[in-house]
K.L.:
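There's a structure below that I have some questions on.
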There are 2 protein chains.
Amino acid sequence: MASIRDVAALAKVSTATASRALSGRGPVSPATRERVLRASAELGFVPSANAAGLASGRSRNIGVIVPGVDRWFFAKVVRGISEELLDQGYDLSLYTTGGSHDHQEKVLQDYLLRQRLDAVVPVALELTTRERERLVAIGRPIVGVGGAMPGTLTVGIDQEAAGALATGHLTGLGHRHIAHLTAGKDPHRDFGLTGTRQGGFERAMAQAGLVVRPEWVITSDFTLNDAYARAKALLAAPERPTAVFAASDEMAVGTILAARDLGLRVPDDLSVVGIDGHELGDVVGLTTVAQFPERQGARAAARLLQQLAHDGAPDEPQHETVATDFVVRSSTAVPPSPGSRSRRSAASPSPG
Amino acid sequence: MASIRDVAALAKVSTATASRALSGRGPVSPATRERVLRASAELGFVPSANAAGLASGRSRNIGVIVPGVDRWFFAKVVRGISEELLDQGYDLSLYTTGGSHDHQEKVLQDYLLRQRLDAVVPVALELTTRERERLVAIGRPIVGVGGAMPGTLTVGIDQEAAGALATGHLTGLGHRHIAHLTAGKDPHRDFGLTGTRQGGFERAMAQAGLVVRPEWVITSDFTLNDAYARAKALLAAPERPTAVFAASDEMAVGTILAARDLGLRVPDDLSVVGIDGHELGDVVGLTTVAQFPERQGARAAARLLQQLAHDGAPDEPQHETVATDFVVRSSTAVPPSPGSRSRRSAASPSPG
DNA sequence: GTGAAAGCGCTAACAG
DNA sequence: CTGTTAGCGCTTTCAC
């Protein structure tokens with residue numbers, strides 16, 4: 001394991017000059033720089049991260065805090081961040097807080113304080129005020145992904161607009177009986193964004209002059225399985241909606257599968273729209289608001305690196321909204337005419 | 001940011017003693033230890049990872065190399081590793097190699113050499129001999145997850161047995177016309193394990209006295225979407241199998257959805273079995289060999305930590321096989337009797 | 001533009 | 001059991 005002293009010796013310069021040449025910080029003549037780089041390459045020199053970090057205070061390492069990596073959105077965001085960082089020579093430290101109750105505590109009051117991180121990307125993290133203060137207290141740049149975090153720069157889609165867009169698509173098709181599958185707030189893995197998708201739903205409903213039926217706003221948990229069960233109950237009831245807006249594609253697909261299992265045709269008997277752009281939506285022809293989480297992650301990482309390059313001058317706190325793409329496929333259509341409704345024999349689904 | 005000198009001063013001991021008390025390495029009297037811990041807590045002391053790492057050579061940091069984190073198996077493995085490490089106070093550095101062609105190169109010849117890692121967990125990584133040598137050359141313990149890596153300790157299921165188990169289930173039900181959806185080898189994201197699942201398929205077929213039809217061994221890519229398309233082609237052909245063994249649950253679900261879209265009933269017209277234990281299998285009643293990747297990840301991490309605790313004495317290279325669970329649900333049944341075959345009007349599906 | 005020297009904050013001999 | 005003393009390998013003033 002060659003050290004910088006070996007490199008310096010081979011290039012016949014001091015370690016100081018070698019360091020300057022290798023890092024690009026500080027003046028070095030082109031000729032010496034060339035000699036040093038050659039020596040470094042010849043020896044296969046790789047600087048010790050610990051030594052460099054200790055001496056300089058910079059670690060070339062970004063911390064990513066995420067509720068879990070085995071959920072679609074988080075996985076995609078982490079992928080986006082990881083690839084951006086890998087390109088730029090930065091390490092990525094991953095902290096998952098969703099697993100056990102005290103992991104989040106531990107991460108915030110121990111892991112993040114080890115001075116190993118140049119910056120932090122909290123993903124869809126719901127923090128108490130105290131916790132947010134702790135995060136800020138590490139004195140490093142922060143860029144969040146997902147929900148907006150007061151006081152810090154964040155990257156994400158406009159949740160409310162996405163919800164309104166999806167819902168407006170349904171009302172525009174003429175649907176008047178629309179249910180909404182939202183996701184409950186789980187203290188362990190809060191996404192900090194559901195509320196506003198629901199807000200968009202409510203706004204679009206109001207704008208179409210429709211009333212939101214409380215019993216048709218159903219809390220699920222972002223998973224396909226739970227949504228399947230809830231949609232089955234919803235759609236098996238005597239009165240059922242002609243359309244469902246699910247706050248995630250996985251829940252939307254669960255709804256489609258539930259409808260199919262009840263003998264309902266999509267979109268003939270039921271229209272379904274989701275949010276995400278999940279690969280799963282493809283085979284069932286799901287209409288959705290695609291949100292490209294990789295890009296969000298990559299964007300957050302890029303902003304952070306940019307800040308670090310400008311010597312840590314933090315951008316002013318704000319939410320950077322990234323664009324979504326409305327993908328119309330075959331799960332949405334005009335509502336069935338009252339005469340042609342469904343193969344089920346239940347009472348007329350036309351509500352009050 | 002309190003340093004160990006502050007702690008030592010407050011506890012009225014030397015920094016050496018403070019270090020010993022805090023790390024548990026070296027002798028300290030109970031009384032002084034208590035004083036040091038109290039002082040540390042009072043000051044909110046968190047040791048600098050860089051300084052500790054530089055001085056000791058240990059970084060309390062494990063590197064995880066994974067093709068990507070946005071695939072079910074990898075995400076679950078990473079989750080398992082992450083939680084185990086978080087519990088033990090270890091950091092996790094994540095490297096994704098699947099994104100761009102040279103990321104794997106970069107990780108192997110730069111990132112891993114920064115002396116920031118105490119150990120490495122390569123997940124389902126397919127390496128050339130040279131690359132494997134590089135990995136070993138970092139001189140740190142290695143425990144792989146997924147496919148077996150010659151020369152290193154690995155944790156994973158018995159792929160061949162899993163394939164044979166799934167296939168044997170089908171032959172046991174009386175199926176004679178069985179297709180297999182396998183996953184091709186992609187140089188960027190190789191899983192290093194598909195071959196053996198297919199090997200299990202072939203063995204079970206042979207044991208049942210059945211011939212493997214080459215045109216019924218179909219290469220897909222582990223994704224639901226691709227499997228859906230290939231299954232549709234397979235099942236729309238004049239002669240079709242009565243059962244499909246898919247090498248992953250996502251591919252199995254794709255097959256089920258394709259069958260449904262063709263008007264085939266599962267399991268009446270077609271039995272489908274997968275491998276994984278993917279959540280998605282639940283709502284479609286998929287019979288599968290569950291493999292619990294979180295446990296595999298956690299196990300690998302635990303073994304690594306154990307090695308590090310024993311001062312790096314590496315366990316002898318071998319493959320540790322973890323148990324699978326065969327979950328029978330509703331996607332498999334006895335094959336249809338020739339008379340009752342399907343609603344499709346095509347030629348008799350009974351082969352040869 | 002370059003080198004000498006002083007640390008970064010902690011750990012690990014080595015004495016005592 | 002505890003303190004003193006060197007570093008770990010690099011970066012960074014500060015002179016020149």
Side-chain angles (χ1 to χ4, degrees), chain A residues 1-37 39-40 43-61 89 91 110 113-118 139 308 311, chain B residues 1-37 39-40 43-61 89 110 113-118 139 308 311-312:
Chain A
M1 200 101 294
S3 83
I4 200 172
R5 293 167 57 159
D6 302 323
V7 174
L10 183 55
K12 300 197 191 312
V13 294
S14 69
T15 61
T17 300
S19 174
R20 284 190 286 255
L22 292 166
S23 70
R25 297 178 160 253
V28 187
S29 82
T32 23
R33 165 193 310 293
E34 187 53 37
R35 282 213 320 285
V36 172
L37 293 181
S40 166
L43 297 173
F45 170 68
V46 179
S48 154
N50 284 329
L54 181 57
S56 70
R58 287 170 269 105
S59 295
R60 297 187 76 74
N61 189 21
D91 273 61
D110 181 9
L113 300 176
R114 297 182 181 172
Q115 297 169 87
R116 173 177 282 176
L117 306 174
D118 290 345
L308 293 173
D311 256 329
Chain B
M1 200 102 288
S3 82
I4 200 172
R5 294 168 57 161
D6 303 322
V7 174
L10 183 56
K12 299 197 192 306
V13 295
S14 69
T15 61
T17 301
S19 174
R20 284 189 287 253
L22 292 166
S23 70
R25 298 179 158 251
V28 187
S29 83
T32 22
R33 167 193 308 292
E34 187 54 37
R35 281 213 322 285
V36 171
L37 292 181
S40 167
L43 297 173
F45 170 69
V46 178
S48 153
N50 284 327
L54 182 57
S56 71
R58 287 171 269 104
S59 296
R60 296 188 77 73
N61 190 21
D110 180 8
L113 300 175
R114 297 183 181 172
Q115 297 171 88
R116 172 177 282 176
L117 306 174
D118 289 346
L308 292 173
D311 257 330

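Worth knowing before you read on, the calculation uses all heavy atoms, side chains too, and leaves out hydrogens, waters and symmetry mates. Naming: A, B, ... by sequence-line order, numbering from 1 per chain.
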K.L.:
Please walk me through it: do A:Val36 and A:Val28 pass side chain to side chain contact (heavy atoms under 4.5 Å, CB included)?
P.N.:
CA-CA 10 Å; A:Val36 172; A:Val28 187; 5.9 Å; no

K.L.:
Rounded to the nearest 0.5 Å, what separation is found between the CG atom of B:Leu308 and the CG atom of B:Asp118?
P.N.:
5.5 Å

K.L.:
Measure the spacing between CZ of B:Arg60 and CG of B:Leu117 and express it to the nearest 0.5 Å.
P.N.:
14.5 Å

K.L.:
When you check the gap from the basic side-chain N to the acidic O, do B:Arg116 and A:Asp91 get nearer than 4.0 Å?
P.N.:
yes

K.L.:
From CZ of A:Arg25 over to P of D:dT12, roughly how many Å is that when rounded to an integer?
P.N.:
6 Å

K.L.:
Supply the atom-to-atom distance A:Arg20 CZ to A:Ser29 OG, rounded to the nearest 0.5 angstrom.
P.N.:
11.0 Å

K.L.:
For a quick test of your reading: what N or O donor-acceptor pairs under 3.5 Å do the side chains of residues 8-15 of chain A make, sequence neighbours left out?
P.N.:
residue : atom : partner : partner atom : Å
A:Ser14 : OG   : A:Ala16 : N            : 3.4
A:Ser14 : OG   : A:Thr17 : N            : 3.2
A:Ser14 : OG   : A:Thr17 : OG1          : 3.3

K.L.:
Between P on D:dG9 and CG on A:Asp6, what's the gap in Å once rounded to a whole number?
P.N.:
10 Å

K.L.:
Between C:dT11 and B:Ser56, is there an OP1 or OP2 to side-chain N/O distance shorter than 4.0 Å?
P.N.:
no

K.L.:
Between atom CD1 of A:Ile4 and atom CZ of A:Phe45, what is the distance when rounded to the nearest 0.5 Å?
P.N.:
4.5 Å

K.L.:
Could you state the atom-to-atom distance from CZ of A:Arg58 to P of C:dG9 in whole Å?
P.N.:
15 Å

K.L.:
Can you measure B:Arg114 atom CZ to D:dC10 atom C1' for me and round it to whole angstrom units?
P.N.:
14 Å

K.L.:
Find the distance B:Leu22:CG to C:dA12:P and express it as a whole number of Å.
P.N.:
13 Å

K.L.:
Got a sec? Which of residues 26-37 of chain B come in under 4.0 Å of DNA chain C, heavy atoms?
P.N.:
none

K.L.:
Give the rounded distance in Å between these two atoms: CD1 of A:Ile4 and C1' of D:dT12.
P.N.:
12 Å

K.L.:
What protein N or O atoms touch nucleotides 3-7 of chain D N or O atoms at under 3.5 angstrom, if any, and at what distances?
P.N.:
residue : atom : partner : partner atom : Å
D:dG3   : OP2  : B:Ser14 : N            : 2.9
D:dG3   : OP2  : B:Ser14 : OG           : 3.4
D:dG3   : OP2  : B:Thr17 : OG1          : 2.9
D:dG3   : N7   : B:Arg20 : NH2          : 2.9
D:dG3   : O6   : B:Arg20 : NH1          : 3.1

K.L.:
About how many Å separate CG of A:Asn61 and CZ of B:Arg114, when rounded to the nearest 0.5 Å?
P.N.:
9.0 Å

K.L.:
Using whole Å, what does the distance between atom P of nucleotide C:dT11 and atom CG of B:Leu54 come to?
P.N.:
11 Å

K.L.:
Within this structure, what is the OG-CG distance for the pair B:Ser48 and A:Leu54, rounded to the nearest 0.5 Å?
P.N.:
6.0 Å

K.L.:
Take the protein atom CZ of B:Arg60 and the nucleotide atom P of C:dT11, then report the distance between them rounded to whole Å.
P.N.:
11 Å

